[in-house]
Amino acid sequence: MRTIISLSLLPLALALSNGVGKTPAMGWNPYNAFLCATTEAEYHSAAQNLVNLGLNKLGYNYFNLDCGWQSTARTSSGQITWDTTILPSGVPALGTFVHNLGLKFGVYSDGGVFACDFVGGTAHYVGSLGHETADAQTFATWGADYLKYDNCYAVNSTDFVDDNPPIQLEPHYATMENALSATGRPILFSACEWGVQDPARWPASTVANSWRIANDIGPPASWDNLFRIINQLVPITQFAGPGGFNDLDLLEVGNTGLTAAEQQTHFAFWAAAKSPLFISTDLTNPSTQTLSILQNQRIIAVNQDSLGKSIAFKRRYTNDNDVWAGPLSDGSTVVVVINWQNSTRNLTLVLADVGFSSATATDLITGSSLGKLTTSLKQSRRFTANVAAHGSMVLKLTSGVSIAAPTFTFYPATSGTLGGGASTRVVNSSVNVVGFVGNGGTLTFNNVDGGTAGGTKLVSFDYINGDVTFSNTACSNCRNAMVSVNGGAAVQVQMPLSAQSWDILFSGYLVSLSGFKAGKTNTVTLSNPSAFTPDWYRMGVVV
Ligand SMILES: *[C@@H]1O[C@H](CO)[C@@H](O)[C@H](O)[C@H]1NC(C)=O
Ligand SMILES: *[C@@H]1O[C@H](CO)[C@@H](O)[C@H](O)[C@H]1NC(C)=O
Ligand SMILES: *[C@@H]1O[C@H](CO)[C@@H](O)[C@H](O)[C@H]1NC(C)=O
Ligand SMILES: *[C@@H]1O[C@H](CO)[C@@H](O)[C@H](O)[C@H]1NC(C)=O
């Protein structure tokens, strides 16, 4: 369990006023394709290809360095400098090359004693900790338009990567942002501390234009990495706004490890979550499929929408699909439905899950008009053949007719029957929860009203889950609960993080449960035979 020292309770903070990054940054970064070993020729070719392929015209404007460009020593006057084997012509010349192509130039450094490297922390490239003013000035002199600022060796010269450091990381980022600001050159500042200490809630929007929310997506890319990152985004979508965005990490589109359908889902989700979109594949000979994903102007337009709001988590049908949605500046709604199933299937969006009874839809992947949808859209009508395992529906809804949110009768967890090791925990003066449910502990809500008919009911849970995972586990950044109505077969429910700490609620996780009887004699039991569930605040059952 991670300890967070001070949590700001401000829901939204003012964005950084450096005049850049009003919409998510787009461009190219070498890391997922070349790790920390990009050569000068590869840099030149990638920058040239961004232009030759017309990607710059679609918004992919930033050409960035990542790890591996630096020398292991500073100059005699203390200036940060490059590895002359990797970059014989030097960084300023590369900046000029990039600028001459009409692109913006991004550099990379690290808020630690040494920078990250790909040889397990033995290369010892110089870091910027303690050299912020000088390095910011150097970067500005080199014509930098962007700084990605990593987090290796942030604690000391032997602690390579630490996801639970004994120091606060926020000052490292604030110090560098102040130094960048003092140069007078607008430099987009990208904080890359892997989501450690919940930067969205510092809030990082006051010191950076974007902040990584999670550990690396790869390489190698994998579907499990996407699930881990998506679960970690759930509690912080509200922190995205013009000038400050959640960074879900570089794109893996074009790389091995993800199927075509997975790459499409990955791209559309990142775009709609307002993540920076950095292509991170070898552009020498990209496939038609890679380009068609990256060049989708409808999806890029969602990412670059001036409102800057992220899609938010709406509904999870465990092991089946996730429904996310968010507003665009023209009053429309973008919806992403992810198919978690491992096979091609007919996927149904229930419009009520995004708050509408009807709406007019456009498929943003294909551009086709789907017309007016009422009640539900059966994907089979339009694109059964195209929705593979882990594919997605990406829709823009206009003329949506809103429906009223359902009304619930609530049952506090602390009034339930606690079994095994389950126990009550005080969160603060107004909130108590039941914890240690699972691994033998159980929580049963009694006297639950099944209404006049019983049957299937929409149930809402308010819970706390602060179980952050840096690497992939069976349920990365989520916890499983088994839910049983009246002692019937238990249903598995995967509940994402509510925060990175154990004092912030997720409110209104919805699940449909069957087996209710008419009248007020129902029970609902939460358990998990082999792991802990979240901590529970209350359950609501639709009236
Ligand atoms: C560096 O930090 C790590 C993590 O806190 C600690 O275990 C280690 O002892 C420190 N090493 C030195 C040389 O201070
Ligand atoms: C998909 O397959 C993986 C690997 O076999 C498995 O772990 C996972 O549970 C499957 N997912 C679903 C939703 O069936
Ligand atoms: C999807 O629906 C269509 C039309 O109802 C049906 O023909 C097809 O078999 C379904 N596909 C799957 C994978 O269930
Ligand atoms: C108690 O915690 C809940 C959940 O995070 C929060 O909404 C509420 O504002 C807190 N109340 C107090 C008095 O701190």
Side-chain angles (χ1 to χ4, degrees), residues 20-36 38 42-43 45-51 53-69 94 98 101 103-109 116 144-151 187-195 208-221 225-226 229 233 240 244-255 257-258 263-284 286 290-291 293-296 299-300 302-304 310:
V20 290
K22 295 293 178 208
T23 61
M26 296 172 64
W28 186 87
N29 175 299
Y31 186 74
N32 284 346
F34 299 96
L35 292 168
C36 310
T38 324
E42 285 164 342
Y43 282 126
S45 140
Q48 189 67 60
N49 282 326
L50 264 185
V51 174
L53 294 164
L55 291 163
N56 59 332
K57 295 212 177 73
L58 299 176
Y60 298 98
N61 277 323
Y62 284 97
F63 179 87
N64 287 4
L65 303 181
D66 206 284
C67 50
W69 68 268
L94 180 58
V98 167
L101 287 168
L103 300 168
K104 293 174 186 157
F105 183 50
V107 296
Y108 165 96
S109 192
C116 300
D145 304 302
Y146 187 112
L147 174 66
K148 173 175 174 178
Y149 205 49
D150 221 329
N151 192 42
I187 298 177
L188 195 152
F189 189 44
S190 154
C192 176
E193 47 79 279
W194 328 310
N209 298 104
S210 65
W211 49 90
R212 278 276 300 282
I213 66 155
N215 195 15
D216 293 3
I217 187 173
N225 288 336
L226 264 60
I229 294 169
L233 177 68
F245 298 100
N246 289 310
D247 180 353
L248 278 60
D249 203 358
L250 307 171
L251 296 171
E252 287 282 13
V253 178
N255 297 336
L258 296 175
Q263 292 184 30
Q264 176 65 76
T265 296
H266 162 45
F267 183 72
F269 189 93
W270 262 228
K274 304 299 192 278
S275 173
L277 296 178
F278 276 87
I279 299 168
S280 194
T281 194
D282 186 350
L283 290 176
T284 312
T290 295
L291 287 177
I293 293 171
L294 296 173
Q295 292 175 331
N296 186 316
I299 292 178
I300 292 172
V302 167
N303 182 252
Q304 295 296 303
S310 171

Q.
Rounded at 0.5 Å granularity, tell me how far CD in Gln264 sits from CG in Asn296.
A. 6.5 Å

Q: Kindly say whether Lys274 contributes a backbone atom to a donor-acceptor pair with the side chain of Asn246 at under 3.5 angstrom?
A: no

Q. Any chance the rings of Tyr31 and Tyr108 have centres within less than 6.0 Å?
A. no

**Q.** Any Pro219 side-chain heavy atom under 4.5 Å of Glu252 side chain
**A.** yes

Q. Between Thr38 (side chain) and Tyr43 (backbone), is there a donor-acceptor pair under 3.5 Å?
A. no

Q. Less than 4.5 Å apart, any side-chain heavy atom of Leu94 and any of Phe105?
A. yes

**Q.** Gap between atom CD of Gln295 and atom CG of Leu53 - 0.5 Å precision
**A.** 7.0 Å

Q. Between the main-chain N or O of Asp249 and the side-chain N or O of Trp270, is there a donor-acceptor pair closer than 3.5 Å?
A. yes

Q) Is the gap between the SG atoms of Cys36 and Cys67 under 2.5 Å? A) yes

Q. How would you list, by chain and number, every residue that makes a disulfide (SG to SG under 2.5 Å) with Cys192, sequence neighbours excluded?
A. none

Q | Chi angles and distances behind the side-chain contact (heavy atoms from CB on, under 4.5 Å) call for Leu277, Leu251 | A | CA-CA 7 Å; Leu277 296 178; Leu251 296 171; 4.2 Å; yes

Q: First locate atom NZ of Lys22, then atom CZ of Phe245, and finally report the distance between them rounded to the nearest 0.5 Å.
A: 9.0 Å

Q: Supply the atom-to-atom distance Gln48 CD to Leu103 CG, rounded to the nearest 0.5 angstrom.
A: 9.0 Å

Q) Distance-only, no hydrogens or angles: does the Gln304 side chain make a donor-acceptor pair with backbone N or O of Pro24 under 3.5 Å? A) yes

Q.
For Asp145 and Leu188: C-alpha separation, side-chain torsions, deciding distance, then whether side-chain contact (heavy atoms from CB on, under 4.5 Å) applies.
A. CA-CA 6 Å; Asp145 304 302; Leu188 195 152; over 6 Å; no

Q.
Checking Ile213 against Ile229 for the side-chain contact (heavy atoms from CB on, under 4.5 Å) test, could you report, in this order, the C-alpha distance in whole Å, the side-chain angles of both residues, the deciding distance, and whether it holds?
A. CA-CA 8 Å; Ile213 66 155; Ile229 294 169; 4.1 Å; yes

Q: May I ask you to decide if Ala221's main-chain N or O and Asn225's side chain share a donor-acceptor pair within less than 3.5 Å?
A: no

Q.
Any non-hydrogen side-chain atom of Thr281 less than 4.5 Å from a side-chain atom of Pro286?
A. no

Q. Out of curiosity, Asn49 CG to Asn56 CG, how far, rounded to the nearest 0.5 Å?
A. 11.0 Å

Q) How far apart are the C-alpha atoms of Phe269 and Leu226, what are their side-chain angles, what is the distance that settles it, and do they pass the side-chain contact (heavy atoms from CB on, under 4.5 Å) test? A) CA-CA 10 Å; Phe269 189 93; Leu226 264 60; over 6 Å; no

Q | Heavy-atom closest pair, residues Ala46 and Leu283 | A | O-CD1, 4.2 Å

Q) Which pair of non-hydrogen atoms, one from Ser190 and one from Asp247, has the smallest distance, and what is that distance? A) OG-OD2, 4.4 Å

Q: Taking all non-hydrogen atoms of both residues into account, name the closest pair between Val302 and Ala272 and its distance.
A: CG1-CA, 3.8 Å

Q) Roughly how far apart are Ile187 CD1 and Asn209 CG, rounded to 0.5 Å? A) 11.0 Å

**Q.** Closest heavy-atom pair and its distance - Trp211, Ala208
**A.** CZ3-O, 4.0 Å

Q. Which class fits the ring pair Phe189 and Tyr149: parallel under 30°, tilted 30 to 60°, perpendicular over 60°?
A. tilted

Q | Shortest non-hydrogen contact from Asn151 toward Cys116 | A | N-SG, 4.5 Å

Q. Just by modelled atom types, is the Leu258 backbone N or O under 3.5 Å from a matching donor or acceptor in the Gln263 side chain?
A. yes

Kindly list each side-chain donor-acceptor pair under 3.5 angstrom involving residues 57-64, sequence neighbours excluded, with atom names and distances?
from: Tyr60; atom 1: OH; to: Leu294; atom 2: O; distance (Å): 2.7
from: Asn64; atom 1: OD1; to: Gly106; atom 2: N; distance (Å): 3.3

Q.
Which heavy atom of Thr290 sits nearest to which heavy atom of Gly254, and what is that distance?
A. OG1-CA, 3.3 Å

